[in-house]
Amino acid sequence: MNPQWITQVRRYRHFYLFISPFFLLFAVFGLYPLLFSLYLSFVKWDGMTAMQWVGLGNFRRMLDDDILRRSLWNTLIIGLLYVPPMMIMAFVFAQLLNAPWLKLKALYRAALFVPCVTPMVVIAVVFGVIFSPEDGVLNFILQRIGHLLPFLHFQGEIPWLTSEDWSKVSVSILVVWRWTGYNMVLMLAGLQGIPADYYEAAEVDGASAFQRMWHITLPMMRPTFRFCGLLSLLGTIYMFDEVFVLTNGGPGTSSTNFGMYLFNISFDQFKFGYASCVAYSVAIFVFAAALLVNRLNRGEQEGA
Amino acid sequence: MTRSQITHPITQFLFCLTLLIPGCSASNRGSEQSSLLTQTASGNPRGDITVWSWNIAAKALMQATPAFERKHPGVHVHVEMTGARMQTRIMLALAAGVGAPDVASLQQTEAPYFISTRQFTDLTPVAEKYRSMFPRSAWNNCTLNGRIYAIPWDLGPCAIYYKRDLFLRYGIDPNRIKTWDDYIAAGQEILHKSGGRTKMLPLGSNDLESMFELLIEETGAQVFDGDGRIAINSAQSRQALEIIRRMRAAGICSDVPAYSQEWMAGFNDESIATYPGAFWLSGTIEDSSTDYTSKKGNWAVFRLPSVVPGGIHVSNLGGSVLVIPAQCSNKTAAWAFVEYALCSREGQLSLYQSEKLFPAFLPALKSPAIDARDPFFGGQHVGSFFAEGVTDIRPLNRTKNWTEAVGYLQQDLSHWASTGMNDPGFFHRLELKLESRLDEPSARSGDSQQ
Amino acid sequence: MGLSRSVRLSVYRALICMLLSAMAILFAFPLYWLLISAFKSQAQIFASPPLWVPHPIIGKNFTDLYRETNLPRAFLNSVVVAAGSVGLSLFLCSLAGYAFAKFPLAPGHGKLFAFVLGTMMIPSAVTLIPSFLVLVKIHWINTYWAMIVPGAVGAFGIYWMRQYMSANVPNDLINAARIDGCSEFGIYWRIALPIARPALAALGIMQLIASWNSLMWAFIVLRTPDMFTLPVVIYLLQGEMRTPYGMLMAGGLLTALPLVVAFVVFQRQFIAGITSGAIKQ
């Protein structure tokens, strides 16, 4: 058996050669960090002085860590605030842009998608200016609207960045603005993958527009929705640039999401051991949750 | 080995692994780089040095630079008012071994944390001769195991700022306020006579930690003992907390958060009668006073009350230091600058006069500039007033866990304040919390050592 | 009753167009604000009522920026890092993708590919600290290598190239080249790569966007101003007490402009890059 194996390897040696850079880089920047991070989860270390073994100390501390809990809560709230509107808007716009009679498609698509290519730091800085409570243009516009439509009882001066609640809203608005175009484009591709005959057949059968959407579009779009959903989930948990630049997690810790908190304990406080523990634990948790959802979805599909 | 064997991916993989094994052990760069500054090195400094500092401090240093450069023509000092996240960037530079400035300013409260990374130059050989010229309380934040790693720059000695006309109106004589009991009584009198309009001091529930810190320097409590163990559960701590409780219970505290709009407005209206604070508050007050009673000279300062009659009446909040990272490639020039700025009367007084940074350098405190009358404070010798008793300030053991510890302290104090201020087990629970969060044991419960 | 169907349809369509236009304006507004604010003074940026069109147009922000930060150098750094990232990434991903596509019989092929796909599930948050430490150890901190190499080969890129090459590079062509004595690498370089150009373009664009816009990694691994990329310079302009908003807007504009312009010109390729293949996952 052995010589045969070696001959096979020699015969396909270029295969191994060509894929080796990936494995090399992965070994250095993926596997080794993964293992070292696991080891770090059991020590107390600031990266410069001596390491101190603490066993399960970091895990115990994690259970006690109310700022971590707060950051996870904030992550959930921010996610709930931005994912539904973003997905709905992306889907609606994708539908609209899919219409055959529409002119200027490229223009609309460009306007909605260009936020995705702009650097997040720049966007966050601009939003910081627009969202400024006293002299930002957004509050100015809102005040004008409030004057024009007094029955709305609208005050107009919203503390976008200085209030504990509104800071989360500000981050969410930023993210919606940034990623709607991206999701829209993905959904557009998904929509274009649905054969037109399905719709024609349904129309012949007398289905209304709503029924067509419910019974054809939505089911056929499931893979797309799942993909977008997965991206959004990961994006929400590890979101960093938006929070870092717009609110720095503030005021206080009111808009600190998990990604920001991880950066805080890693590079503001230099708690390498504890940070590794937290990162690992949450990553495993998310992974398990994603697997679970996947299995549930699979089960549902097979049952349907 | 044949060529194809060497280029075989498995060989390469193993090779790289061996390169990385040394990375598994703890980095101990500190031992080689924290080199001692030798006396002989301070011969003829030349070259460029970079200094990182924050707004006011940076401005002061920039103004002191020309005189320094005249003394040492070969040195060019570049002071950077660094932008976002200075502490993080310093730590990253220290951990990475590249990018740290030659000189950096740090808050006194965080200096022990930075010094514990062992990435700073041991200044003992050149700074030992200045030991007696700075107060012990300042050195406490600059030394580790007896060796000097930072030089104290400025202090924040505390007193009570008050409005003369209000005290006159309600018949309060500041010279009769000797203890906190007297202070609280005076506050109640003012409250009563003003019909509830004027509170004695601002003490919001989120600012209790600074008041606590101020008070434990008088009662002698410590958060940590000399070995870094948790020592907060003590009678002295309870004593300090009791004073806070009585102040709040007496209704003399205004709940405005420090540095908020209302807090600043309090300088100019009648809502608040006194502001306990450090020397650096005077600048803020002067800048923010618009035309409260349109008269300069209405503000004055009186001695901090003591806990017991005849007890300590000095305390300290804030202050900063200068450090020289071990990475610095031009330690001679860096030290020359630090020595000029902080260990000379000329340097310290220039920093005082440009930005009102209260010198920690004791010889500088005996000077006309410090002794000058301040017209804003009605001609009071404010500088000398604060300078008196500076050497009596009790050193606090800060350790590298200070910032985190006071964070937890503040949280617990806020909670305590909003739930009736009635909790005999407060410090016991805090001690347990600190033990677990900081991974430090507690000193024996009971009266702590100083 | 009353309006005919076609009229109702026209109205409906007109409303849709208005809605889309409104959305387009809403989405483009922040970028418009960035553009005009770069030419306003700080006071004008925060003027109330707001200044909808800058008047007069001020160039001071740009000169201040040039004077106080090393913006040209930062621009160069961003370009070098982006070019390096894209180049290295395209090369290594296409090489591995080609191998996985065209050597299905090599022993362990299936398991190795599954392994590659599996690595996609490792979040970078977990490897962040040790990666930083590795870079410190090999003295790559504050160098271009630190920005280019670690993220160069991603599992997604390999998957992407494999899918495309699998479907579009004919085996007969490869076999013919082998018979003619072409080296394996030559086959990859001269046959597979040219065919895979659309996929390379798409992947390259995604990598370009990620690299140019990277902030967190750049903030961590770049330590001296002469190595900062544009996003880092922008971020650090925010001071503790006082932020020079004029310079911030001007710098932001210069940082965003290259990619936005590239997007507007190559819109089709950008979008094709994101979509085709993504859904088939």
Side-chain angles (χ1 to χ4, degrees), chain A residues 9-10 13-29 31-33 35-36 39-40 43-55 57-58 60-67 121 125 162 244-245 248 251-253 263-274, chain B residues 4-5 7-17 19-21 23-31 33-34 84-97 113-120 144 206 257 260 326 400-401 403-404 407-408 411 415 432-433 435-440:
Chain A
V9 167
R10 278 195 80 92
R13 63 188 180 283
H14 291 97
F15 170 72
Y16 300 106
L17 198 65
F18 286 2
I19 67 173
S20 64
F22 169 80
F23 283 95
L24 195 65
L25 282 178
F26 176 71
V28 176
F29 294 107
L31 186 65
Y32 171 73
L35 298 174
F36 192 44
Y39 174 71
L40 282 181
V43 304
K44 184 173 166 180
W45 193 37
D46 64 356
M48 289 174 267
T49 53
M51 278 195 217
Q52 187 190 339
W53 181 266
V54 290
N58 286 333
R60 258 185 280 125
R61 191 219 208 115
M62 210 169 61
L63 295 174
D64 211 9
D65 188 348
D66 49 341
I67 303 187
V121 59
V125 151
T162 47
F244 187 57
V245 187
N248 196 24
T253 50
F263 181 86
N264 278 341
I265 50 178
S266 305
F267 297 106
D268 283 337
Q269 297 178 28
F270 269 73
K271 294 202 177 107
F272 283 0
Y274 183 57
Chain B
S4 57
Q5 276 180 319
T7 57
H8 197 283
I10 303 209
T11 320
Q12 295 174 6
F13 178 79
L14 291 172
F15 178 64
C16 287
L17 266 189
L19 282 181
L20 295 168
I21 286 173
C24 291
S25 63
S27 157
N28 209 6
R29 249 173 293 115
S31 51
Q33 279 189 302
S34 225
R85 285 199 137 77
M86 181 174 118
Q87 281 88 344
T88 307
R89 290 190 295 127
I90 291 183
M91 287 294 280
L92 279 170
L94 296 177
Y113 169 66
F114 279 89
I115 291 173
S116 73
T117 63
R118 302 194 177 281
Q119 302 292 320
F120 293 93
L144 186 63
N206 279 326
S260 64
K400 61 179 161 67
N401 292 314
T403 317
E404 202 178 340
Y408 297 130
Q411 275 174 11
H415 182 73
L432 291 176
K433 189 183 203 173
E435 269 186 293
S436 92
R437 300 277 175 103
L438 304 176
D439 284 319
E440 296 282 356

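Just so it is clear: chains get the letters A, B, ... in the order the sequence lines come, proteins before strands, and each one is counted from 1.
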**Q** Could you tell me which portion of A/Phe263 (side chain, backbone, both or neither) has an atom closer than 4.5 angstrom to a non-hydrogen atom of chain B?
**A**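 For A/Phe263, side-chain heavy atoms alone lie under 4.5 Å from chain B.
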
**Q** Pick whichever of B/Gln87, B/Arg89, B/Lys433, B/Met91 has the most heavy-atom pairs under 4.5 Å with chain A.
**A**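 The candidate making the most pairs under 4.5 Å is B/Met91.
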
**Q** Could you tell me whether the side chain of B/Lys400 reaches within less than 4.5 Å of the side chain of A/Asp46, counting heavy atoms only?
**A**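 No. Closest side-chain heavy atoms not under 4.5 Å.
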
**Q** Which heavy atom in A/Asp64 sits nearest to a heavy atom in B/Arg437, and how many Å separate them?
**A**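 Smallest interatomic distance, heavy atoms only, reads O-NH2, 2.9 Å.
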
**Q** Go through the atoms of B/Leu438 and report whether side chain, backbone, both or neither lie under 4.5 Å from a heavy atom of chain A.
**A**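 For B/Leu438, the backbone is the part near chain A, not the side chain.
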
**Q** Which atoms of B/Ser116 come close to chain A, meaning under 4.5 Å heavy atom to heavy atom: side chain ones, backbone ones, both, or neither?
**A**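 Contact with chain A is through the backbone of B/Ser116 alone.
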
**Q** Report yes if the side chains of B/Arg85 and A/Phe244 come closer than 4.5 Å at any heavy-atom pair, otherwise no.
**A**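 Touching, per the 4.5 Å side-chain cut-off.
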
**Q** Determine yes or no for a side-chain-to-main-chain donor-acceptor pair under 3.5 angstrom, with A/Arg61 supplying the side chain and B/Asp439 the backbone.
**A**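 Between the backbone of B/Asp439 and the side chain of A/Arg61 there is no qualifying donor-acceptor contact (under 3.5 Å).
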
**Q** What is the distance from atom CZ of B/Phe114 to atom CE of A/Met48, rounded to the nearest 0.5 Å?
**A**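 Output value for this atom pair is 8.5 Å.
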
**Q** Taking all atoms of both residues into account, what is the closest heavy-atom pair of B/Leu92 and A/Phe267, and its distance?
**A**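 Closest approach of B/Leu92 to A/Phe267, heavy atoms only: CD2-CD2, 3.5 Å.
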
**Q** Name the region of A/Asn264, side chain, backbone, both or neither, that has any atom closer than 4.5 Å to a heavy atom of chain B.
**A**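 For A/Asn264, side-chain heavy atoms alone lie under 4.5 Å from chain B.
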
